[in-house]
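Structure first, commentary second.
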2 protein chains.
Amino acid sequence: MPATPEVPDGKRPTLAHVAARAGVSVALVSIVMRGAYGASAASRERVLKAAEEIGYRPDTRARVLRSNRSRLLGVQFGLRHPFHTDLVEGIYAAAEPAGYQVALSAVAPTRGERQAVEALLADRCEALVLLGPEVPATRLAHLATQVPVVSVARRLRPAPPAVDVVRTADGEGARQAVDHLVALGHRAVAHIDGGRAPGAADRRRGYRTAMHRHGLDEHIQVLPGGLTEDDGARAARTLLAEKTRPSAVLAFNDRCATGVLDTFLRAGVAVPGEISVVGFDDTSLSRLAHIDLTTVAQDIPRLAELAVGRAIARLDGEAVPDGEQVVAPRLVVRGTTGPPGTD
Amino acid sequence: MPATPEVPDGKRPTLAHVAARAGVSVALVSIVMRGAYGASAASRERVLKAAEEIGYRPDTRARVLRSNRSRLLGVQFGLRHPFHTDLVEGIYAAAEPAGYQVALSAVAPTRGERQAVEALLADRCEALVLLGPEVPATRLAHLATQVPVVSVARRLRPAPPAVDVVRTADGEGARQAVDHLVALGHRAVAHIDGGRAPGAADRRRGYRTAMHRHGLDEHIQVLPGGLTEDDGARAARTLLAEKTRPSAVLAFNDRCATGVLDTFLRAGVAVPGEISVVGFDDTSLSRLAHIDLTTVAQDIPRLAELAVGRAIARLDGEAVPDGEQVVAPRLVVRGTTGPPGTD
DNA sequence: CCGCGCATCTAGAACGTTCTAGATGGCAGT
DNA sequence: ACTGCCATCTAGAACGTTCTAGATGCGCGG
């Protein structure tokens, strides 16, 4: 209380203001604010009180500038993809307890991946977590020379040396879906694929080999799809126009499956009575009661955790083995699959 | 070329490295990097070349620290709300041409609004744009004493003096929807509301007064809903269980309407043959071909533009009038509404 | 030949924090 | 009383930028 109030006029309060008010040095305030060792209980309390009174808030930018660690994880994601936004939630949940902040940078119509990544780097992120990146692998490799890079859900072949990959075993997921449908008695199982989207090639391949192993080569049918509802709807209309229709469909992802589902319902085709539908991802979409979609679950919290963990391990200089981290998928049976109808 | 290569060992290159390599002062490099006046064409070129060669990237955090302007707009949004993510796209589109960066801070299960806002302030955002904030109005008023605050889609009554509000004329939107349905010949129009969600009260009131003006008081029916698909599905099941069913439904938003739609389709109730459905927001969801939802469009790009514009105006010290900025809604007629069936 | 203005460039101090190295003071052991 | 140690505190230099104020050099009118 010896110092006068020292209200900072219109500016944001700084350590110096707090120090003046508490009658101690700036360094001591810094210690208290960081919760570091080296301050007595008495002064700790006095400093905190002063800070509270003038509404002090630490300035992360200055903090980062000084300590060469920023403890900032840059995340690039697509605003329109539920799979991405669900992952972001998992990333927050994994990063913050580990003492890392998350900087988000969205890909939007007016804002490409390049721009999104530039913004993260300019912000001094220590590592990049890219959700389903679509830039060329060489670009990723180049980025990885500057900062640890984790690609989530996008497989890279051949794997650039320094880029970590965290993904679901997409092929295995497709296999589980096919096995489930075949066990129900289906034989004509079609696949609506994801084209060149991350993961699509593996799912397509998994579908094909699973069908083959069941001796169903003649029923293999891959329809061009995509990752949006419209893509699924379009493929479903193609199926409706055919004379002999498959009794089950494995869609590239949940959004695509939702489009399929809706088109069938509109056309009066009962699901799962006349045709079964399986999605992929297990985003919040599929869990909604009125969609109730059987789907191949990606373990989103686990993917997020691995991605964050790997990024942090690299930052801590741990010698992490090269190579992908692959998470097992798990089929979640809900209401859109059942035995084939009389046919 | 007089200076030696000067490669920065393992660190990130700085202005000083570029300066050394180009054989000029740090200040001059700064000038060139900012594109400011005061450098000759020759040295400009030389500096840019040097920067390019060593892969220099400006450090926004240091930049911000020095110049007291951060030109950073903080945006709080909900990852799960398409309305929010669509708005974020609009905010990027409006802010970046105006020379402002956007810092995103998501609200997630592990991360409340308080935490989201704290992170933005610690990052030195100059203004806050909050999408559908649900914290108490007093908290917003308190924040506004520190930094300009714009509340998007959340009306505040009584309006705290310094908080700007940008919103759609929700009541008017509900009126348009009712007018449209009545013009088609509907009389029994029900409303599935949004409870305490931002905007819900206005929409409810707009629905009521519109019904009244058409002399349809006896058909006023408000069902408890919410903002998710599940909420809509639940309300739809309630309707299905009733003996006399309304011939049209106005849902709180598109997600809610989607749930309604889906439940009706599953129950074999034809839309719009037996019942018409209207949504609200015109998010990308409703525009999808297979949903094709008649909905009250919020002019999302315009809302984003106004919110950004208002924040910037405050920062530029313009004397902006207090009071809300209200954007007109516009009914978009698609495939889920039609004349009532024979009944 | 002087002085002036202009264009170009630079030194050095900020910005708000953290970190290093050391100062201070109290207390126990000799 | 001296020494040494510990706990507590502080001065001052970083960090990478921008900004202010001035230095430098050059052309040109008088």
Side-chain angles (χ1 to χ4, degrees), chain A residues 3 6 8-47 50-51 54-72 99 101 121-126, chain B residues 3 6 8-47 50-51 54-72 101 121-124 126:
Chain A
E6 295 287 358
D9 50 331
K11 312 286 298 175
R12 173 189 180 112
T14 75
L15 281 188
H17 297 124
V18 179
R21 179 161 242 261
V24 297
S25 74
V26 168
L28 182 56
V29 179
S30 170
I31 288 172
V32 171
M33 286 305 161
R34 275 175 290 146
Y37 176 85
S40 69
S43 46
R44 196 171 287 277
E45 187 181 355
R46 201 144 52 93
V47 166
I54 66 176
Y56 170 77
R57 215 184 289 277
D59 183 331
T60 44
R61 318 196 69 106
R63 187 198 296 260
V64 158
L65 179 59
R66 168 59 224 205
S67 51
N68 36 26
R69 296 295 311 267
S70 75
R71 303 192 76 83
L72 195 58
Q101 305 257 60
L121 289 178
D123 256 5
R124 277 212 177 192
C125 290
E126 294 188 290
Chain B
E6 296 287 357
D9 50 332
K11 312 286 296 178
R12 171 188 180 113
T14 74
L15 281 188
H17 297 124
V18 178
R21 179 161 243 261
V24 298
S25 74
V26 168
L28 181 57
V29 179
S30 171
I31 288 172
V32 172
M33 285 307 163
R34 276 174 290 146
Y37 176 85
S40 68
S43 48
R44 197 170 286 276
E45 187 181 354
R46 201 141 56 94
V47 166
I54 66 178
Y56 169 78
R57 216 183 289 277
D59 182 330
T60 45
R61 314 190 77 101
R63 185 198 297 259
V64 160
L65 179 58
R66 169 58 222 206
S67 50
N68 37 23
R69 296 295 311 267
S70 75
R71 303 193 76 82
L72 196 58
Q101 304 255 62
L121 289 178
D123 257 5
R124 280 216 176 186
E126 293 188 289

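All values derive from a computational prediction rather than experimental measurement. Because only heavy atoms are used, hydrogens play no part in the values below, and waters and symmetry mates are left out as well, while side chains stay in. The chains referred to below are lettered A, B, ... by the order of the sequence lines, with proteins before strands, and numbering in each begins at 1.
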Item to check | Full working for side-chain contact (heavy atoms from CB on, under 4.5 Å) between B:L72 and B:V64 | outcome: CA-CA 9 Å; B:L72 196 58; B:V64 160; 5.9 Å; no
Checklist outcome for this item: Atom CG of A:L15 and atom P of D:dA11 are separated, to the nearest Å, by 14 Å
Checklist entry - With respect to the phosphate group of C:dT17, does any side-chain polar atom (N or O) of B:R61 fall under 4.0 Å of OP1 or OP2? => result no
Next on the checklist: Heavy atoms only, 4.0 Å cut-off, all strands: where does B:R124 land among base, sugar-phosphate and nothing?
Outcome noted: sugar-phosphate
Checklist entry - Where the side chain of A:S43 is defined as all heavy atoms beyond and including C-beta, which of C:dT18, C:dG16, D:dC9 is the nearest nucleotide? => result D:dC9
Checklist entry - According to a strict under-4.0 Å criterion, is A:Y37 in side-chain N/O contact with OP1 or OP2 of D:dC6? => result no
Checklist entry - Is the distance from OP1 or OP2 of C:dT18 to the nearest side-chain N or O of A:S30 less than 4.0 Å? => result yes
Next on the checklist: At 4.0 Å (heavy atoms only), tell me whether B:A16 reaches a base, stays on the sugar-phosphate, or touches nothing.
Outcome noted: nothing
Item to check | Residue whose nearest DNA chain C nucleotide is more 5′ - B:A62 or B:S40 | outcome: B:S40
Next on the checklist: Rounded to whole Å, please give me the gap between CZ in A:R66 and P in D:dG16.
Outcome noted: 10 Å
Checklist entry - Could you give the CG-to-C1' distance, from A:L65 to D:dG16, as a whole number of Å? => result 5 Å
Checklist outcome for this item: Testing C:dT17, D:dT17, C:dC19 for proximity to the side chain of A:A27, the answer is C:dC19
Checklist entry - How about B:R63 and B:S67: does a side-chain donor come under 3.5 Å of a side-chain acceptor? => result no
Item to check | Non-hydrogen side-chain atoms of A:Y37 and A:I31 separated by less than 4.5 Å | outcome: no
Item to check | Residues A:R124, A:L65; criterion side-chain contact (heavy atoms from CB on, under 4.5 Å); working and verdict | outcome: CA-CA 9 Å; A:R124 277 212 177 192; A:L65 179 59; 4.0 Å; yes
Item to check | Whole-Å gap separating P (D:dT10) and CE (A:M33) | outcome: 14 Å
Checklist entry - Please give, in whole Å, the distance from D:dC9 C1' to A:R44 CZ? => result 12 Å
Item to check | Value in whole Å for how far the P atom of C:dT17 lies from CG of B:D59 | outcome: 16 Å
Checklist entry - How would you label the contact of B:V64 with the nucleic acid (heavy atoms, under 4.0 Å): base, sugar-phosphate, or nothing? => result nothing
Next on the checklist: From CG of A:L28 over to P of D:dT10, roughly how many Å is that when rounded to an integer?
Outcome noted: 5 Å
Checklist entry - Hey, does the side chain of B:R12 come within less than 4.0 Å of D:dC15's phosphate (OP1/OP2), counting only N and O? => result no
Next on the checklist: Between the side chains of A:D59 and B:R61, is the shortest nitrogen-to-carboxylate-oxygen separation below 4.0 Å, so that they form an ion pair?
Outcome noted: no
Checklist entry - Looking across every strand, which nucleic acid part, if any, lies under 4.0 Å from B:T60 by heavy atom: base, sugar-phosphate, or nothing? => result nothing
Checklist entry - Separation of A:D123 atom CG from D:dC15 atom P, in whole Å? => result 21 Å
Item to check | Side chain of B:S25 (C-beta onward), nearest among C:dA11, D:dC19, D:dA11 | outcome: C:dA11
